[in-house]
There are 2 protein chains.
Amino acid sequence: MDTADRPDAAARRGPCAAIPAEQMGFVRQILDRIGDKWSMLVIAVLDTGPLRYTDLQREVPGISQRMLTLTVRQLQQDGLVTRTAHAEVPPRVEYALTPLGRSLHQIVTSLITWVADHHGQIREHRTNAATTP
Amino acid sequence: MDTADRPDAAARRGPCAAIPAEQMGFVRQILDRIGDKWSMLVIAVLDTGPLRYTDLQREVPGISQRMLTLTVRQLQQDGLVTRTAHAEVPPRVEYALTPLGRSLHQIVTSLITWVADHHGQIREHRTNAATTP
DNA sequence: CAGTATCCACCGAGATACTG
DNA sequence: CAGTATCTCGGTGGATACTG
């Protein structure tokens, strides 16, 4: 392995205390997916129970049909949400969190709560940084 | 406000239990930033203390100079990291988490831990979904 | 060492229109 | 109602080269 001669602190503790080097790739990959523009919000919004397609679209303001479709499909393939099509007319399709999705949901909620709590501070910093370049 | 005539469930509980409608915009905006390709990893990697530019680059495998520079600058403007340039030669610049950044770091760590714990399950689901379309 | 500058490819994502 | 199809644009992000 080419890390054999790495001399310093990095070698001791790896790239990050929380991430073994071998998993970094996966972590990056999955972080990319759930950290994409919409996934977190969709997951967040499913916390109160199953939602239909149109409801999702309303609850996540600004999402396009395309992106909603792609996002839920990804989430479904990743086993984070279920898609249940009821054979009725008019069609009804409901999306819900799987247990896996629910476990992620908790973290997403923490993140969103954090943002809600601190976006004031962040905005301050931003304007400060902008006015004092 | 144009939500006055909204009739149904969404009106009762808002777009998401965790997100008041008015904050959705901010939340989206900030989630976009910290959920971008690199910010989380940079924050994660700063957990063990200040790091220099080159160290950051090594600890976050795959990041380009451009992206590292952009990312730390954003994080700095948002008040999540500090940049300390030591007037020496050769120059030494250290990046560290602010208290604000540290509070976010905890959540990021949870997220990364979750991913590390569950990426196996996710990969399973993905391959299942791929083989049974 | 710690960046900036520039160029470019890719694809994320919106708009629009159509379908089962 | 719940999508799919297609087109298109803009920005993100990578590679490379240069600088204080």
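As the structure is a computational prediction, the values presented were derived from the model and not from experiment.
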### Message
Under a 3.5 Å cutoff, is there a donor and acceptor pairing between the side chains of B:Y95 and B:T84?
### Response
no
### Task
Report the distance from atom CH2 of A:W38 to atom C1' of C:dG12, rounded to the nearest whole Å.
12 Å
### Atom pair distance, as rounded to whole Å: CE in B:M67 and P in C:dA5
14 Å
### Message
Tell me whether A:D36 is salt-bridged to A:R33, with the criterion being a basic N under 4.0 Å from an acidic carboxylate O.
### Response
no
#### Entry: Nucleotide D:dA15, atom P - distance to CG of B:L70 in whole Å
15 Å
## Note on the structure
Of B:R52 and B:R66, the one whose closest nucleotide on DNA chain C sits nearer the 5' end is B:R52
### Between C:dA13 (P) and A:K37 (NZ): distance, integer Å
5 Å
### Task
Name the nucleic acid region contacted by B:T69, choosing base, sugar-phosphate or nothing; use a 4.0 angstrom heavy-atom cut-off, strictly under.
base
### Query
Under 4.0 Å: is that the gap between some side-chain N or O of A:Y95 and OP1 or OP2 of D:dG3?
yes
### Task
Could you tell me whether the side chain of B:T98 and the main chain of B:L80 form a donor-acceptor pair under 3.5 Å?
yes
#### Entry: Short side-chain N/O contact to C:dT4 OP1/OP2 from B:R73, under 4.0 Å
yes
### Task
Look at B:T54 and C:dA2 and indicate whether a side-chain polar atom (N or O) is within less than 4.0 Å of OP1 or OP2.
yes
### Task
Quickly work out the B:L68 CG to D:dA15 P distance and round it to whole Å.
14 Å
### Query
Looking at A:L100, A:L97, A:V45, which one forms a side chain to side chain contact (heavy atoms under 4.5 Å, CB included) with A:H105?
A:L97
### Query
Roughly, in whole Å, what's the span from CD in A:Q65 to P in C:dT16?
12 Å
### Task
For D:dT16, give its Watson-Crick or G-U wobble partner with both distances under 3.5 Å, or none.
C:dA5
### Query
What is the distance from CD of A:Q74 to C1' of C:dC11, rounded to the nearest Å?
13 Å
### Query
In whole angstroms, how far is the C1' atom of C:dC1 from the CZ atom of B:R83?
12 Å
### Query
Is the backbone N or O of A:W114 less than 3.5 Å from a side-chain atom of A:H118, with the two atoms forming a donor-acceptor pair by type?
yes
